[in-house]
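Here is the structure we will look at, set down as structure tokens.
A note on names: the letters A, B, ... follow the listed sequences, proteins ahead of strands, and every chain is numbered from 1.
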Amino acid sequence: MPSIVKPTVTHPGLQRNSLGLSMRDYEGGMSTLCAGCGHDSVTAALVRALWEMSVPPHMIAKLSGIGCSSKTTAYFVNGAHGFNSAHGRMATIATGASAANREMIYIGVSGDGDSLSIGLGHLCHAIRRNLRMVYVIENNGVYGLTKGQFSASADVGSKAKRGEANLLAPIDPILLGLSLGATFLARSFSGAKTQLIPILKAAIAHRGFALLDIISPCVTFNDHEGSTKSYLYTRQHELKVTETDFVPVQEEITADIPANGAANIMMHSGDVVRFRSVPESYDPTDREAVADYLMERQGSGEVVTGLLYVDESVRDMHEINGTPHTPLVNVPYEKLCPGSDQLSTLLESFR
Amino acid sequence: MPSIVKPTVTHPGLQRNSLGLSMRDYEGGMSTLCAGCGHDSVTAALVRALWEMSVPPHMIAKLSGIGCSSKTTAYFVNGAHGFNSAHGRMATIATGASAANREMIYIGVSGDGDSLSIGLGHLCHAIRRNLRMVYVIENNGVYGLTKGQFSASADVGSKAKRGEANLLAPIDPILLGLSLGATFLARSFSGAKTQLIPILKAAIAHRGFALLDIISPCVTFNDHEGSTKSYLYTRQHELKVTETDFVPVQEEITADIPANGAANIMMHSGDVVRFRSVPESYDPTDREAVADYLMERQGSGEVVTGLLYVDESVRDMHEINGTPHTPLVNVPYEKLCPGSDQLSTLLESFR
Amino acid sequence: MQQLVATRVNDCAFKLANVNGTGSASANSLLMESIFRMGIPVSGKNLFPSNIQGLPTWYEIRVNKTGYTARAVDYDLMVAMNAQTYAMDIREVREGGYVMYDSTWPLDDDLVRQDVHFLGVPLAEMCNEHFSGSRQRILLKNIAYAGAIVAVLNIDLQVVTDLLAEKFAGKEKLRASNQIALKLGYEYAREHFDCPLPFHLEVGKPLEDKILIDGNTATALGCLYAGATVAAWYPITPATSLMDAFKSFCQRYRHDPATGDNNYLIVQAEDELAAIGVVIGASWNGARAFTSTAGPGISLMNELLGLAYYAEIPAVVFDVQRTGPSTGMPTRTQQGDILECAYASHGDTKHILLFPANPAECFECAVKAFDLAEHFQTPVMVLSDLDIGMNDWVVPSLTWDDSYRPDRGRVLNAEDLKEIGTFYRYLGENEEYVAPRTLPGVHPKGAYFTRGSGHNRYGGYTETPDEYQEVVDRLALKHRAAERYILPPVVQLHEGATIGVVTLGSCDLAVREALEQLAQPDDGAPPIIADYMRVRGFPFGEDVRAFLHDHELSFVVEQNRDGQLRSLLILETCTQKSKLRSVLAYGGFPLSAPQVVEGIRSQMGR
Amino acid sequence: MQQLVATRVNDCAFKLANVNGTGSASANSLLMESIFRMGIPVSGKNLFPSNIQGLPTWYEIRVNKTGYTARAVDYDLMVAMNAQTYAMDIREVREGGYVMYDSTWPLDDDLVRQDVHFLGVPLAEMCNEHFSGSRQRILLKNIAYAGAIVAVLNIDLQVVTDLLAEKFAGKEKLRASNQIALKLGYEYAREHFDCPLPFHLEVGKPLEDKILIDGNTATALGCLYAGATVAAWYPITPATSLMDAFKSFCQRYRHDPATGDNNYLIVQAEDELAAIGVVIGASWNGARAFTSTAGPGISLMNELLGLAYYAEIPAVVFDVQRTGPSTGMPTRTQQGDILECAYASHGDTKHILLFPANPAECFECAVKAFDLAEHFQTPVMVLSDLDIGMNDWVVPSLTWDDSYRPDRGRVLNAEDLKEIGTFYRYLGENEEYVAPRTLPGVHPKGAYFTRGSGHNRYGGYTETPDEYQEVVDRLALKHRAAERYILPPVVQLHEGATIGVVTLGSCDLAVREALEQLAQPDDGAPPIIADYMRVRGFPFGEDVRAFLHDHELSFVVEQNRDGQLRSLLILETCTQKSKLRSVLAYGGFPLSAPQVVEGIRSQMGR
Ligand SMILES: Cc1ncc(C[n+]2csc(CCOP(=O)(O)OP(=O)(O)O)c2C)c(N)n1
Ligand SMILES: Cc1ncc(C[n+]2csc(CCOP(=O)(O)OP(=O)(O)O)c2C)c(N)n1
Ligand code: SF4
Ligand code: SF4
Ligand SMILES: [Mg+2]
Ligand SMILES: [Mg+2]
């Protein structure tokens with residue numbers, strides 16, 4: 001979470017959006033993540049998407065749990081309200097925040113550990129409520145901030161190096177969401193800006209819960225030679241060099257996934273992951289067909305990306321509860337309190 | 001949980017199983033559930049299945065959370081070990097119990113509230129670990145023990161009476177399990193003995209996590225006229241009669257779902273639910289086909305029952321961890337403690 | 001057998017033994033409400049099982065003209081309607097008391113006691129004769145025994161009849177059959193017993209200024225009037241009826257027929273961790289939000305309560321206490337969550353607590369809780385219990401001051417923000433150590449970053465000792481500053497008092513009754529005169545300290561095993577430990593005066 | 001500039017300022033280990049950020065021949081390798097001290113202090129010259145400054161060289177380049193500075209009987225030797241390395257090469273609620289099971305800890321404390337979970353706690369925890385902290401008594417069960433209020449029903465006050481009975497002591513050092529002689545009570561804001577509150593003697 005004051009760099013994108021704001025106005029504190037961390041690419045994409053959509057910064061609420069991914073809410077849109085809450089509970093905070101003020105744009109950033117382990121139940125129920133928010137899972141298959149334990153998510157990058165954990169069926173947030181009746185499901189890759197930005201914009205525009213599974217490699221803990229896992233093992237072999245404490249400065253991986261095609265992308269670990277965009281023929285509104293396609297591709301070991309499922313017909317939490325268009329926080333107290341006369345009338349029934 | 005000493009009734013099934021035990025030996029304390037509660041039918045089916053399979057009573061561990069359904073672990077197999085734990089945590093207790101002693105037969109009984117709300121995360125991860133156990137969800141669509149609030153599960157029985165809650169997409173444990181790579185998925189109806197008992201036996205035999213979604217109507221809180229929900233409302237209308245406190249003694253609903261056919265079953269609330277058995281052609285080992293079929297039927301508003309999915313190829317928690325065949329509790333301490341010599345050798349690396 | 005009891009008017013206790021799920025509760029509350037309407041202080045304690053149908057359940061009614069309506073433990077009359085528990089119920093009647101039972105079936109001889117009177121009423125027989133259908137017969141049997149009780153206790157028949165009419169307004173057939181059942185029991189009793197019994201009732205002057213209400217309903221009303229708009233909860237006994245009540249109040253008063261809008265949003269959460277999370281999120285955004293739960297829920301909320309404490313976010317939690325530990329006895333009462341609530345969460349944390357003693361105070365505390373939570377930007381927990389929350393109490397009618405406006409605490413609005421340079425979250429504390437906050441979406445300058453991780457006074461992330469300490473030290477002072485806002489203790493000083501008696505919450509009535517008894521010489525033993533203090537919240541204020549200081553010895557009466565209030569008083573006041581002794585009752589039933597008298601006498605060695 | 005420091009041998013403190021993720025930790029521990037091998041008591045405190053790469057991180061090494069190796073706060077030498085923090089780091093050196101920096105780039109003038117000596121070493125330059133590839137250059141730069149330090153402090157070059165050889169056994173190329181880097185720094189320093197500096201090291205007699213180990217590793221060893229077979233956890237700093245260590249020990253000692261079996265099962269749970277559930281389930285079945293966590297995890301385990309307490313199921317929990325509340329400062333130390341652990345969960349609950357002070361005691365307490373948990377059939381929590389758990393400590397070598405056998409407590413085996421009539425779970429308590437239990441699957445007669453709901457001594461469900469109370473009253477007595485099994489406090493009495501000083505855990509060294517300083521007259525101020533007691537567990541035993549009783553005034557030194565140990569002592573012993581005063585340090589860094597001296601002197605008014 002440490003967020004160092006940013007040196008003033010003149011920025012390429014000094015053109016202005018319809019609010020007259022430059023992209024700089026959508027940036028945040030300087031990232032303290034490892035150089036080359038996929039999460040920083042997602043942050044950049046968020047900055048761009050929010051800027052392009054001309055969302056007033058102070059109308060944005062950035063919510064997160066705990067983790068490297070969750071830290072990133074401090075690295076975009078300084079002018080937005082941020083809440084870096086507790087591990088796995090972000091969806092619950094978002095539910096309350098949205099209940100109180102439906103006018104804000106809620107951007108939730110989480111990790112695979114935050115969302116698929118400790119926070120899994122909350123994620124499922126946020127989906128079920130169709131809470132209007134963008135819920136980004138920066139999926140790296142590990143617990144980055146606690147130094148590289150395996151998470152419950154699909155194997156991102158290096159397979160062989162995952163130890164026994166990869167014998168467990170990984171949880172695929174997209175299939176999970178589909179089974180729970182999610183209304184917006186998309187997957188992308190942190191480095192695939194051209195695909196990611198439009199997806200983010202679509203998610204922000206979605207009138208319900210938009211779940212984004214963004215593969216975002218951890219440059220540091222995909223190298224399991226150097227993971228804490230082997231720390232003690234090496235020590236026992238009279239080898240106290242703990243290379244964990246050296247984190248090579250790496251480049252972020254960027255790549256394009258051709259629309260309607262596939263791309264092989266090499267991870268820091270050297271493994272190659274095959275990303276495929278959904279074909280043009282693909283109909284993201286046909287739930288059964290979507291399930292079919294995803295399961296079939298999953299079998300083939302490819303990671304399907306793109307806007308995978310959308311249903312705009314479902315009402316969101318506020319519509320279901322019939323709350324007013326003005327946020328509840330703005331309903332004047334006078335309207336909320338029935339007053340003394342009503343009270344004495346009511347109390348008649350307690351006599 | 002109160003479990004009253006059972007009056008001696010001579011029992012029809014006094015024939016003996018291969019252990020020389022009669023069905024009486026598999027019964028438990030007298031149920032304190034409402035007369036006609038679907039859960040009691042499930043209890044009876046469990047008694048029969050365990051008896052027929054000649055499982056030694058003391059090798060059975062009955063685990064549950066909290067709820068009317070969870071109480072039922074006290075109502076079958078008195079000679080078994082029971083653990084009525086905390087709300088939503090049964091799967092975690094079962095994981096530890098199994099880790100320590102893989103020889104016991106673990107029968108978990110839970111409710112839709114216990115499993116799909118507070119315990120959802122644990123259920124998902126028990127599925128993922130392929131913990132060897134029978135996990136029964138006695139699904140009545142409500143929180144029975146806390147007097148009839150709506151649960152997150154599919155609408156069981158009366159729709160119209162469900163208030164706004166039924167506007168939320170219900171969680172279908174079977175589709176959920178399928179998306180998580182569950183290895184045994186089945187659905188049945190509490191009153192459908194002929195279908196239920198074989199399913200229970202298959203589940204007990206399964207070498208992994210067997211998830212059973214058993215529709216088990218709540219006779220008391222499907223009548224929402226009388227639910228606590230309306231308690232205060234009526235009071236405010238100078239009407240203090242609280243009919244909740246009268247629970248009519250009702251008959252349990254029994255019915256048969258013809259193999260390879262469908263049956264309409266009337267619930268206490270008067271609503272009719274259409275149960276369909278999977279067709280003969282149905283292949284429960286083809287994951288994609290299963291997903292297809294279930295989603296398609298779900299659309300049609302039918303409740304598909306039977307053994308819906310099974311995969312015996314996946315290793316269970318113990319196989320994955322390479323634990324010995326003898327339960328860990330039986331590994332002698334001498335085998336576990338490396339002893340003083342090993343210690344001094346090891347400590348050399350700390351000098 | 002001759003009378004063993006002298007005549008007593010408007011001072012008696014009777015108990016009704018039933019099977020749950022048979023509709024007895026309606027009949028029992030019918031009796032209670034009738035007595036209330038006669039103008040006599042009364043209480044009804046529902047002792048029900050954690051079960052829906054078929055188990056023993058009891059309802060105790062105590063009538064006491066002077067208003068001591070704490071649970072009574074010796075019964076003048078037992079209405080034994082549950083054969084399962086005959087033996088035990090009959091044993092409980094005091095010598096010379098009465099047992100009413102269904103004489104359709106004869107009583108086993110071994111149940112008969114020589115020292116009590118048996119009033120057999122052929123209830124089943126009568127009902128089978130006059131009514132058809134098992135449902136009707138079972139339900140009306142209850143009204144029939146009510147009728148018999150009306151006769152033997154001289155309850156005003158007209159009052160009862162009117163109540164029935166109200167209850168069944170618009171349901172004439174139902175009303176009629178109930179009326180018949182009532183008469184059946186009434187007439188039978190008049191014919192066969194010499195009514196009224198020596199202990200009986202007489203119409204008093206109407207309790208104009210009083211109402212009959214349970215604590216959960218009153219709390220819900222408080223939340224409604226305080227302007228709470230967001231509520232999140234997970235069902236749990238005995239807190240469930242609180243949210244049920246809030247929901248129906250909202251449906252009635254928060255639905256705008258003009259626009260069709262609902263000016264509230266209630267989230268039935270997936271668990272208690274979520275419920276408190278929702279409350280924190282909503283409060284962060286400026287809504288008045290709350291959750292209602294019981295012990296197990298508080299345990300699950302521990303982590304996020306620490307977040308709200310440290311990030312300084314308001315949160316209102318109602319803990320309707322039940323008997324712990326663990327699942328414990330969900331339908332029994334206790335005051336066992338005091339310590340856990342006071343220090344909830346890991347690390348150094350201290351919370352604001354309120355202790356209502358009855359439904360009227362529940363209403364008051366609910367409103368107060370929101371004011372305190374927003375004023376001090378921190379969680380506030382209101383600890384009632386099953387006895388207060390789920391039983392009907394006769395309390396002064398609730399009043400509302402229309403000039404009340406919520407204390408939102410220090411919140412900068414758009415205008416304020418335009419004025420200032422840069423806003424820093426934890427800067428600019430006042431003498432109460434509260435720094436102004438902003439609400440999301442109000443003004444660009446108000447944006448800040450909230451975190452549960454280490455932060456400095458600017459709200460920036462820190463791992464630096466001084467910066468960290470500066471903030472947590474202020475939090476400790478802020479908690480102390482709240483003491484002046486807590487409801488002052490209720491103190492009653494008595495001429496010649498030698499000791500103090502301290503208590504909280506639902507112990508109130510029983511303790512005050514006990515003090516009166518202690519003040520009477522008790523066969524030989526000299527009287528014990530004691531001053532009384534009931535604390536109403538934490539942190540403790542000057543009055544609490546003064547009372548403890550002024551008494552060489554004080555007994556702390558509470559309903560838990562470990563003397564949790566005593567512990568809190570020891571830790572959080574300057575009182576010497578040795579000056580405080582515990583009197584504890586924690587079996588799960590509401591406190592009764594004899595338990596207190598006995599507890600104090602035994603320790604005073606008299 | 002003339003020397004401001006007198007010669008000091010084997011008594012100095014230096015601090016290394018680095019950027020995390022650059023490989024400095026290996027160089028720093030290389031230095032620490034070398035000093036240890038020279039036979040000089042030493043400690044290394046790693047002050048690292050909650051981050052993986054690119055932020056400032058510090059490592060402090062204190063050398064003290066008399067063994068006072070608590071954190072030192074004034075540094076003789078600062079190795080300033082992080083330009084980001086130059087200013088602050090240079091400020092921290094004490095007058096007359098030394099600053100070593102990378103002179104490849106000149107120091108800004110405004111950083112220069114007249115009262116300290118600057119030792120510039122062109123590290124980057126040298127490394128770029130001799131090595132290729134940024135990775136190698138960055139890594140070896142660390143070894144190079146280590147070399148320079150070896151020279152200026154007179155660390156035994158041979159020892160360092162040997163260590164490198166060991167570390168890179170089988171990696172000759174790596175060893176060689178490291179050796180070169182070491183030499184580079186070493187030679188440069190010898191040439192340019194007059195080595196050694198006035199404060200420096202000299203080989204002492206080898207610390208034969210000592211080892212260098214961190215608390216988490218030692219705890220894991222304890223679990224291994226105690227025979228734990230099931231472990232469940234959720235990753236969290238600073239507890240993670242405990243389970244990492246347990247896992248690799250198991251891979252090494254619990255894997256049966258003959259059969260290929262793993263005689264252990266470690267569950268990486270989905271969260272802490274699950275982790276404690278797994279432990280309870282495994283313990284219920286008779287396995288020795290444990291979990292390791294930190295504050296946030298304890299908060300989440302609250303509910304199930306109450307279940308284990310009430311259903312009487314063993315459970316071992318290691319809480320490696322970090323700075324709270326909430327997420328707080330995950331990489332900083334504190335002792336802030338004492339109260340929460342002592343009374344964890346709603347309702348009346350009390351738990352057994354153990355407080356290790358160093359890695360050696362971690363090993364001992366781990367074994368003890370399993371014995372206590374099984375003996376008393378209840379949760380036992382071992383509270384260490386980040387300082388103990390993650391830093392390397394010089395402690396007496398661990399020893400193991402092969403005659404040790406686990407105390408399984410009262411467990412009926414098949415034979416016992418054959419004998420008895422019917423088994424009832426909570427019947428037959430002994431003088432320690434423990435009733436025998438059975439394990440599932442052992443014998444048909446052993447079957448029983450475990451519940452967290454109200455139960456009587458037979459284990460049957462109850463809602464009856466007496467039956468309920470009988471059980472919870474026994475639980476209270478059982479907890480008290482455990483006091484005789486807790487490790488006795490460490491007490492040091494001093495001739496002429498006027499006060500007592502009480503502390504726990506990682507405060508040990510700093511407090512004992514402080515007492516020695518207090519015993520010296522301090523410019524004018526008279527000496528303060530104090531007796532010492534370090535409590536090692538809860539419930540408190542006779543020795544603890546006696547010490548408190550015998551001292552009119554005792555200071556309680558602990559690392560939290562609210563004086564949690566003091567609170568526990570006040571509540572759980574007969575001591576008068578006024579006799580205990582707090583000395584608190586809770587900024588997140590390990591405790592140092594001056595903080596204690598200052599805290600006591602100021603309150604003693606001298
Ligand atoms: C209750 C609780 N348990 C454990 C932790 C420790 N913790 C911090 S981050 C984290 C996991 C982060 O993994 P992920 O969400 O995938 O984020 P990443 O760092 O991989 O981006 C854990 C376990 C915590 N902060 N709180
Ligand atoms: C932590 C916690 N929260 C809430 C409760 C209250 N509670 C008891 S049972 C139950 C729900 C039961 O519903 P379900 O699991 O569907 O069982 P059913 O009674 O419907 O069979 C709840 C919320 C509890 N016991 N513990
Ligand atoms: S540890 Fe991994 S996830 Fe965390 S910042 Fe570094 S690269 Fe990113
Ligand atoms: S309330 Fe419903 S679920 Fe509970 S016992 Fe009665 S019928 Fe069954
Ligand atoms: Mg991750
Ligand atoms: Mg249910």
Open item on the list: Going by salt bridge (charged side-chain N to carboxylate O under 4.0 Å, His left out), name the residues that satisfy it together with C:R425, two or more places apart in sequence or in a different chain.
Closed with: none
Task: Listed partners of D:R566 passing salt bridge (charged side-chain N to carboxylate O under 4.0 Å, His left out), at least two apart - done: none
Portion of [X] that has a non-hydrogen atom of chain D nearer than 4.5 angstrom:
X: C:R561; answer: both
X: C:L304; answer: neither
X: C:I298; answer: neither
X: C:Q334; answer: side chain
X: C:Y586; answer: both
X: C:C341; answer: neither

Task: Most contacts with chain C, counted as non-hydrogen pairs under 4.5 angstrom, among D:G563, D:G588, D:G328 - done: D:G328
Open item on the list: Shorter than 4.5 Å, heavy atoms on both sides: which option in D:G336, D:A294, D:G452 has the most such pairs with chain C?
Closed with: D:G452
TODO: Flag the one option from C:I338, C:L339, C:T575, C:T573 with the top tally of heavy-atom pairs under 4.5 Å to chain D.
DONE: C:T573
Task: Result of checking D:T349, D:N302, D:L307 against C:S299 for side-chain contact (heavy atoms from CB on, under 4.5 Å) - done: D:N302
TODO: Would you check if there is a donor-acceptor pair between the side chains of D:E558 and D:N560 at a distance under 3.5 Å?
DONE: yes
Open item on the list: Under a 3.5 Å distance rule, please check whether D:N456 uses its side chain to pair with a backbone N or O of D:T462 as donor and acceptor.
Closed with: no
- [ ] Check for a donor-acceptor pair, side chain of C:D348 on one end and backbone N or O of D:D562 on the other, with a separation under 3.5 Å.
- [x] yes
